Amino acid sequence: MTIFNQNHQTFFKRSILVFLLTFSMFGFSQKKKENPKFKVVAFYTAKNDQAHISFVHEANKYFPKLAEENHFEYDSTSNWDNLNAKFLAKYQIVLFLDTRPEKKEQREAFQKYMENGGGFIGFHFSAFALNNSSYNQDWNWYHNTFLGSGEYGSNTWRPTSAVLRIENQHPVTKNLPKTFSSAPNEWYRWSNDLTKNPDIEILLAIDESSFPLGTGPKAHEIWHSGYYPVVWTNKKYKMLYVNMGHNDIDYEGGTNKTLSYTFENKTQSQLILNALLWLGNSKKK
């Protein structure tokens with residue numbers, strides 16, 4: 001009876017030891033698996049223009065799912081005061097979903113972050129600047145040096161799909177067709193000619209088959225010809241600007257209902273994923 005109890009106790013102790021070892025190994029592997037490849041933080045305002053607000057809400061639902069599928073971490077904030085060195089040090093990529101920082105200290109922190117090798121993707125309105133508007137062109141480094149685009153020139157209307165053409169091979173355009181149809185968007189023209197800037201590499205432009213682009217009602221809101229870059233990078237930084245980011249909205253019907261979603265376009269979304277993986281996995285310059 002004593003021998004049986006001793007054997008039983010020995011077996012029980014061994015079972016507990018095996019369980020604890022298995023659990024600890026499982027816990028370690030789970031923790032290791034959960035470590036993100038890189039971290040992304042998106043800044044947004046989401047207060048002006050229902051189309052931009054809709055895009056921000058869409059992005060903040062879409063990116064967490066994309067992050068889970070591709071093993072990176074996604075955070076978002078509407079507090080632009082978080083644009084400081086301590087906060088940014090936690091992230092490899094910064095996104096501007098709809099606007100840009102306005103305070104001097106925020107701008108300085110962002111410039112230093114980029115100059116020190118940080119990654120960036122700016123969408124649509126994040127590049128907007130127009131004197132005598134709520135977003136004056138009062139940040140020369142960002143609009144002229146970094147983005148290269150300068151001031152806003154004009155736009156198409158209504159939001160319409162365009163055929164986009166790959167201009168240069170790049171990790172961002174990997175496995176994309178030479179041309180593809182975009183999600184509906186409001187397309188921007190800029191004051192600066194990006195083709196004359198040696199630092200700018202244009203990755204996508206509007207293909208001629210898109211013309212006429214836009215439906216008006218105003219004549220200048222319909223483009224019939226011209227060269228319009230819509231995705232580009234500045235080779236001196238780890239960055240990408242993407243003109244897309246304006247969902248179609250039922251303004252005329254008065255419902256403000258979203259009529260189209262940017263990330264429902266699979267090819268376009270693959271471009272964004274390519275960009276995140278390129279920026280997140282590349283070494284600091």
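Remember, it's a predicted structure, so these values are computed and weren't measured experimentally. Nothing fancy with the numbering, it's 1 onward along the sequence.
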Tabulate below the donor-acceptor pairs under 3.5 Å that side-chain atoms of residues 202-210 make, not counting sequence neighbours, or state none.
residue : atom : partner : partner atom : Å
D207    : OD1  : R165    : NH1          : 2.9
D207    : OD2  : S209    : N            : 3.1
D207    : OD2  : S209    : OG           : 2.6
E208    : OE1  : R165    : NH1          : 3.0
S210    : OG   : V163    : N            : 2.7
S210    : OG   : V163    : O            : 3.1
S210    : OG   : D207    : O            : 3.1

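Scanning both residues, D49 and Y251, for their nearest heavy atoms gives OD1-OH, 2.5 Å. Nearest heavy atom pair, residue S54 against residue N247, reads OG-ND2, 2.9 Å. Heavy-atom minimum distance, L240 versus A275: CD2-CB, 3.6 Å. The minimum heavy-atom distance linking R100 with A129 is given by the pair NH1-CB, 3.8 Å. Closest heavy-atom contact between G226 and F211: O-CZ, 3.5 Å. Minimum interatomic distance between D250 and T255 (heavy atoms only, all atoms of both residues): OD2-OG1, 2.6 Å.
With values rounded to the nearest 0.5 angstrom, K37 atom NZ is found 6.5 Å from L277 atom CG. Separation of atoms CD (Q111) and CG (N116) is listed at 10.5 Å; rounding is to 0.5 Å.
Ring planes of F128 and Y152: tilted class, angle from 30 to 60°. Between W190 and Y188, the ring planes lie perpendicular to each other; the angle is over 60°, past the 30° to 60° tilted range. Ring pair H246/W157 is perpendicular by interplanar angle, where above 60° counts as perpendicular and below 30° as parallel. Note on ring orientation: taking the six-membered ring where Trp is involved, the planes of F110 and F96 are tilted (angle from 30° to 60°).
The side-chain heavy atoms of V242 and H124, taken from C-beta on, include no pair separated by under 4.5 Å. You'll find the side chain of K236 stays beyond 4.5 Å of the side chain of F146, heavy atoms only. Side chains of N70 and L273 form a contact here, defined as non-hydrogen atoms less than 4.5 Å apart. In this structure, L147 and M239 have side chains that are in contact, with non-hydrogen atoms separated by less than 4.5 Å. Using a 4.5 Å heavy-atom threshold, the side chains of Y74 and N60 count as touching. Looking at heavy atoms from C-beta onward, L95 lies in side-chain contact with L276 at the 4.5 angstrom threshold.
In the hydrophobic clustering of ILVMFWY residues, with side-chain heavy atoms under 4.5 Å counting as a link, M244 and I272 come out together. Put simply, V56 and Y241 are part of two different groups of oily side chains (I, L, V, M, F, W, Y) that touch within less than 4.5 Å, one to the next. Linking Ile, Leu, Val, Met, Phe, Trp and Tyr residues whenever their side-chain heavy atoms come within less than 4.5 Å places F120 and F43 in a single cluster. L130 and W139 fall within the same hydrophobic cluster, defined by Ile, Leu, Val, Met, Phe, Trp and Tyr side-chain heavy atoms under 4.5 Å apart, directly or through other members.
The main-chain N or O of G245 is found under 3.5 Å from a side-chain atom of N185 such that the two form a donor-acceptor pair.
Aromatic ring centroids of F263 and F63 lie under 6.0 Å apart. For W223 and Y228, the ring centers are positioned less than 6.0 Å apart. No close placement of the Y62 and Y261 rings is indicated, their centers lying 6.0 Å or farther apart.
Under the side chain to side chain contact (heavy atoms under 4.5 Å, CB included) criterion, Q92 pairs with F38, K39, sequence neighbours left out. Residues meeting the side-chain hydrogen bond (donor to acceptor under 3.5 Å, both in side chains) test with N82, sequence neighbours left out: T77. Remark: W278 engages H170 in a ring pair (Phe, Tyr, Trp, His ring centres under 6.0 Å) (not counting sequence neighbours). Looking at residues two or more places apart in sequence or on another chain, you find a side chain to side chain contact (heavy atoms under 4.5 Å, CB included) between Q169 and I166, T173. Residues passing the ring pair (Phe, Tyr, Trp, His ring centres under 6.0 Å) test with F123, sequence neighbours excluded: F55.
Here the rule is side-chain hydrogen bond (donor to acceptor under 3.5 Å, both in side chains) with N155, and of E221, E186, R189, H220 only E186 fits it.
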Steps toward side chain to side chain contact (heavy atoms under 4.5 Å, CB included) verdict (K103, D81)
CA-CA 8 Å; K103 294 179 182 178; D81 285 330; 3.1 Å; yes
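Salt-bridge check for E102 with R107: passed, with a basic side-chain N closer than 4.0 Å to an acidic carboxylate O.
Within 6.0 Å of the CD atom in E68, the count of heavy atoms belonging to other residues, nucleotides or ligands does not exceed 12.
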